[in-house]
Amino acid sequence: MTARLWAAAVVAGLLLAAALALPMAGALDRLADARETRDRYAAAVRTPQRSAPVAPELALAAPDRAAATRQLGGRLRAAATADGLLVETIKPANPGAPGLVALDLRLSGPEKAVLAFADRAERGRPIARFARWQVAAGEGGSIRLDARLVAPWRD
């Protein structure tokens with residue numbers, strides 16, 4: 001009888017182990033998923049996030065820096081000629097930082113028109129700022145603006 005009792009105990013133990021194996025396998029799968037998620041979050045926390053220095057709608061949208069520079073130069077040239085200003089030069093410059101484009105420009109015309117152009121260049125969209133500028137008296141009552149205009153761009 002003891003052999004039957006032992007055999008019954010072994011069979012019962014095997015049935016109990018089989019009954020517990022299925023939920024345990026599911027728990028182990030969930031544990032592996034949780035560990036994978038934890039590792040992804042830990043890696044994301046360790047990786048520094050790049051934040052845009054300006055809102056995307058304020059930056060020039062272009063596929064690369066050269067295209068953004070051409071786009072800004074075209075806008076400035078069109079605005080200056082529409083105001084009756086003489087565009088002497090508009091050429092690309094080194095912006096000094098990633099995500100920026102810079103143009104060196106020199107234009108001349110009546111004082112009121114040149115100052116209004118400079119004001120609109122900084123107040124308009126896309127956002128742009130003069131990194132340096134100099135205004136000098138020109139011939140016949142005109143003035144000359146010699147400046148570097150910097151603007152952000154995004155792809």
Side-chain angles (χ1 to χ4, degrees), residues 16-155:
L16 183 62
L20 293 177
L22 294 175
M24 189 168 52
L28 290 175
D29 285 343
R30 289 192 303 276
L31 178 63
D33 290 344
R35 286 180 176 164
E36 182 183 334
T37 302
R38 180 200 60 197
D39 292 343
R40 271 190 285 126
Y41 286 147
V45 168
R46 285 191 301 270
T47 304
Q49 299 294 322
R50 281 187 45 193
S51 61
V54 296
E57 64 272 6
L58 297 177
L60 286 164
D64 58 18
R65 177 175 278 160
T69 302
R70 286 190 303 273
Q71 183 180 358
L72 181 60
R75 287 182 183 185
L76 290 174
R77 185 176 301 279
T81 54
D83 289 345
L85 300 176
L86 172 64
V87 178
E88 298 173 21
T89 60
I90 294 182
K91 61 183 179 182
N94 182 4
L100 296 176
V101 295
L103 291 172
D104 285 335
L105 60 104
R106 181 180 298 154
L107 49 89
S108 59
E111 179 180 0
K112 190 173 184 179
V114 171
L115 296 179
F117 169 82
D119 183 54
R120 279 193 312 277
E122 281 205 332
R123 290 181 189 247
R125 305 259 176 174
I127 191 170
R129 295 292 179 254
F130 286 107
R132 65 166 179 77
W133 57 272
Q134 180 179 3
V135 176
E139 299 175 13
S142 68
I143 63 171
R144 172 179 289 141
L145 173 66
D146 187 11
R148 174 168 292 170
L149 191 71
V150 179
W153 72 276
R154 62 180 171 81
D155 49 1

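No side-chain heavy atom of Q71 sits under 4.5 Å from any side-chain heavy atom of P126. Residues L72 and L103 have side chains in contact (heavy-atom distance under 4.5 Å, counting atoms from C-beta outward).
Considering all non-hydrogen atoms of both residues, A151 and L60 come closest at CB-CD1, 4.4 Å. Here the closest heavy-atom approach between residue P95 and residue A102 is recorded as CA-CB, 3.7 Å. Scanning all heavy atoms of the two residues, the minimum distance from V87 to A80 falls at CG2-CB, 3.6 Å. Among all heavy-atom pairs drawn from G99 and R65, the shortest one is N-NH2, 3.4 Å. Of all non-hydrogen atoms in P152 and I127, the two that sit nearest each other are CD-O, 3.3 Å. Residues A147 and W133 come closest through the heavy atom pair CB-CB, 3.7 Å.
Other residues, nucleotides and ligands place more than 12 heavy atoms under 6.0 Å from the CD atom of E122.
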Verdict with supporting geometry, R106 and D146, side chain to side chain contact (heavy atoms under 4.5 Å, CB included): CA-CA 4 Å; R106 181 180 298 154; D146 187 11; 3.8 Å; yes
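To the nearest 0.5 Å, atoms CZ (R132) and CG (D104) are separated by 5.0 Å. If you take CZ on R70 and CZ on R77, they are separated by 14.0 Å, rounding to the nearest 0.5 Å. Between the CG atom in L105 and the OG1 atom in T89 there is a gap of 7.0 Å [rounded to 0.5 Å]. Annotation: the span from L107 atom CG to I90 atom CD1 amounts to 7.0 Å, rounded to 0.5 Å. The distance from the CG atom of L76 to the CZ atom of F117 is 4.5 Å, given to the nearest 0.5 Å. Taken to the nearest 0.5 Å, the CG atom of L145 stands 10.0 Å off from the CD atom of E88.
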